[in-house]
Amino acid sequence: VIRRLVVLALVAFMTLPTAVVIAVSFNPTAILSFPPAGLSLHWYVNVLTYPQFQRAAVNSLVVTGFAVVIALPVGTLAALGLERGPGRGRELWAALLLSPVVVPGVAAGLGFLILAAALGLLRSRVVLIAAHVALVLPFVLRSVWVSVRNLDPTVERAAASLGASPWRVFRRVTLPLLRPGLFAAVLFAIVVSINEFVVSLFISTRVTEILPVAMFTYVVNYTDPTIAALSTLFIAVTFAAVWLADRYLELGRLFLHHR
Amino acid sequence: VRGLLAPAVVILAVFAAALGSLFRLSVLEFVPGSLQTGGLTFANFRAVLAPQYLEAIRDTVVLSGATTALTLVGAYPVAYALARTPSRGVRSALLVLTLAPFFTGAIVRTYAWVLVLGNTVISWPLPMLFTERGVLVGLVHFSMPTMILILAAALSHIDPAYERAAASLGARPARVFWRVTLPLSMPGVVSGSLIVFAWTLSAFPTPELLGGGKVKMIANVVKDLALDSFNWPGAAAFAILTFALTLGLLAGLGRLAAGRAR
């Protein structure tokens, strides 16, 4: 019983901030109070009508869209190349391609800033998109690789021996069998890119900044619950995504070992 | 077949170019008031040792150590429940509740703690916001999901029969834990701690918002130097310091893992 209470208390610690954000977002007054004095959608209206958030939301969609569309095929090809290629050097290539994950955000962000300045691209979105592709690629590679490893090459050989062209084998056999890995890859890529903050802070301007950066600037300058409303929208989308992923991918199987 | 890696290698090369320009700038002289740089120098790395920066480095290491210890203690019971619960519903609920903050961005999570620590909901007996205590709470919350996942993975590999055997031979639950469960889960404990420590060393949004400029970790100094003082060479030297610390720790982790595999 005590053990169960401890776990409950820890889960409460994990979820407390989320609960407070949601409660505050419906608060009618600008001065934060808890429990809220009533219900109001005022801050949601504020979120949707604040021009800088509108611009940042469009930027987020553009940057994340490009990042996912570029990283998905690149990562899938790399996963196939790693698994099907010669065993020698595979570990080294995998380590190299996954390495951007361990670079601290400030180091990568400052590096991209210096690179952008040297190339005269400080005001363009190109560097922002390139950085997002690089940061998202390890997650795509990892997710797709799991599916490639579970794919039995004899199925593809069977299709080929029955006369299917290599392209047809890829389209009709390989891709459908990789679908769970591809789905997980897209999910991870979107979540990582849409929430990316540190690197983006270094390489964006007021014109190109994405939502997390705009939210950061707002939090530093204002104290009203507008960010609580925007955060609630983010949390709702994230919970839905994680729930869907658990439903269809059984997240437990990704992380836990079962006999 | 190796040719399939080519597009990924191009992207890796862009990333390497960014890091390369970081290293190049760190050894070039800073010209105040300009983004132009002077000749070769090691002054940027010497500047890291100035007293106010040494304080930031010390705070970073102390906060990272405390975060790792608290996260380990907090994550263990949840990971244990996750690995051992027989019910699929409980497992799903625990996973979604612990993973969801993992997927909500750093800004949303940190802003949530600004609200909680800022005396709006709970009246704290001690000031929390803009103190090291507050930053510590935020960092622990941030590290919990990672630690829970790593520990749960390690615990799910332990056959419960070992624990049952120890208990049937007369060991009390506490003794079973200290002599059987904990030693068998050490691989997870070690790798989880190293990863959390390395991540916390370069933490940025949490100290930036919960520290409110009063608590500075290394990453905050990098941002101040780069985006407020426009001293890119100085910031680069600091960023490389974080990078080196992280790499050193992860290399240690790699050697431990290799040692165990042998």
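Protein chains get the first letters and strands the later ones, always in sequence-line order, with residue 1 at the start of each.
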Point-to-point distance, once rounded to the nearest 0.5 Å, from [atom1] of [X] to [atom2] of [Y]:
{"X": "T18(A)", "Y": "R109(B)", "atom1": "OG1", "atom2": "CZ", "value": "9.0 Å"}
{"X": "L94(B)", "Y": "M14(A)", "atom1": "CG", "atom2": "CE", "value": "11.0 Å"}
{"X": "L4(B)", "Y": "R84(A)", "atom1": "CG", "atom2": "CZ", "value": "9.5 Å"}
{"X": "H141(B)", "Y": "T15(A)", "atom1": "NE2", "atom2": "OG1", "value": "7.5 Å"}
{"X": "M144(B)", "Y": "L10(A)", "atom1": "CE", "atom2": "CG", "value": "5.0 Å"}
{"X": "L16(A)", "Y": "L115(B)", "atom1": "CG", "atom2": "CG", "value": "10.5 Å"}

Contacting moiety of [X], where chain B heavy atoms sit under 4.5 Å:
{"X": "A71(A)", "result": "neither"}
{"X": "R90(A)", "result": "both"}
{"X": "A134(A)", "result": "both"}
{"X": "V103(A)", "result": "both"}
{"X": "L135(A)", "result": "side chain"}
{"X": "T232(A)", "result": "neither"}
{"X": "L137(A)", "result": "side chain"}
{"X": "V6(A)", "result": "side chain"}

When heavy-atom pairs shorter than 4.5 Å are enumerated against chain A, which of [options] gives the highest number?
{"options": "A203(B), S202(B), S21(B), A219(B)", "value": "S21(B)"}
{"options": "Y80(B), W199(B), F243(B), F238(B)", "value": "F243(B)"}
{"options": "P145(B), A198(B), G74(B), A75(B)", "value": "G74(B)"}
{"options": "A239(B), A226(B), A112(B)", "value": "A112(B)"}

Considering non-hydrogen atoms only, spot the tightest contact between [X] and [Y] and give its length.
{"X": "S231(A)", "Y": "V108(B)", "answer": "CB-CG1, 3.6 Å"}
{"X": "A130(A)", "Y": "V14(B)", "answer": "CB-CG1, 4.4 Å"}
{"X": "P17(A)", "Y": "V116(B)", "answer": "CA-CG2, 4.0 Å"}
{"X": "P104(A)", "Y": "T246(B)", "answer": "CG-OG1, 3.7 Å"}
{"X": "L110(A)", "Y": "W232(B)", "answer": "CD2-O, 4.3 Å"}

(message) Tell me if the CZ atom of F177(B) is crowded by more than 12 foreign heavy atoms within 6.0 Å.
(response)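 It does: F177(B) CZ has more than 12 such atoms within range.
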(message) For the CZ atom on F139(A), are there more than 12 heavy atoms of other groups (residues, nucleotides or ligands in this structure) within a distance under 6.0 Å?
(response)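 Counting other residues, nucleotides and ligands, CZ of F139(A) stays at 12 neighbours or fewer.
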Using heavy-atom distances under 4.5 Å, tell me whether [X] contacts chain A through its side chain, its backbone, both, or neither.
{"X": "I107(B)", "value": "side chain"}
{"X": "S92(B)", "value": "both"}
{"X": "F23(B)", "value": "neither"}
{"X": "L245(B)", "value": "neither"}
{"X": "V10(B)", "value": "neither"}
{"X": "A81(B)", "value": "side chain"}
{"X": "F15(B)", "value": "both"}

(message) Heavy atom to heavy atom, less than 4.5 Å: which residues from residues 190-200 of chain A reach chain B?
(response)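 Checking residues 190-200 of chain A against chain B gives V191(A), N195(A), F197(A), V198(A).
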(request) Apply side chain to side chain contact (heavy atoms under 4.5 Å, CB included) to A161(B) and list each qualifying residue two or more places apart in sequence or on a separate chain. (result)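 A161(B) satisfies side chain to side chain contact (heavy atoms under 4.5 Å, CB included) with D159(B), R164(B) only.
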(message) As a quick check of understanding, evaluate side-chain contact (heavy atoms from CB on, under 4.5 Å) for L97(A) and L5(B), giving each step before the final call.
(response) CA-CA 9 Å; L97(A) 290 173; L5(B) 294 183; 4.0 Å; yes
(request) Carefully, step by step, assess V9(B) and L96(A) under the rule side-chain contact (heavy atoms from CB on, under 4.5 Å). (result) CA-CA 9 Å; V9(B) 170; L96(A) 272 176; over 6 Å; no
(message) I need the residue from A117(A), G105(A), P100(A), A78(A) with the largest number of non-hydrogen atom pairs under 4.5 Å to chain B.
(response)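 Of the candidates given, the most pairs with chain B belong to P100(A).
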(request) Determine the option with the most heavy-atom pairs under 4.5 angstrom with chain B, choosing from V74(A), V127(A), V21(A). (result)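 Option with the top pair count is V74(A).
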(message) Can you tell me which residue among I218(B), V221(B), V222(B) is in a side chain to side chain contact (heavy atoms under 4.5 Å, CB included) with V106(A)?
(response)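 Single pass found, and it is V222(B).
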(request) Give the intermediate values and the outcome of side-chain contact (heavy atoms from CB on, under 4.5 Å) for residues F204(B) and L201(A). (result) CA-CA 11 Å; F204(B) 173 70; L201(A) 174 71; 3.7 Å; yes
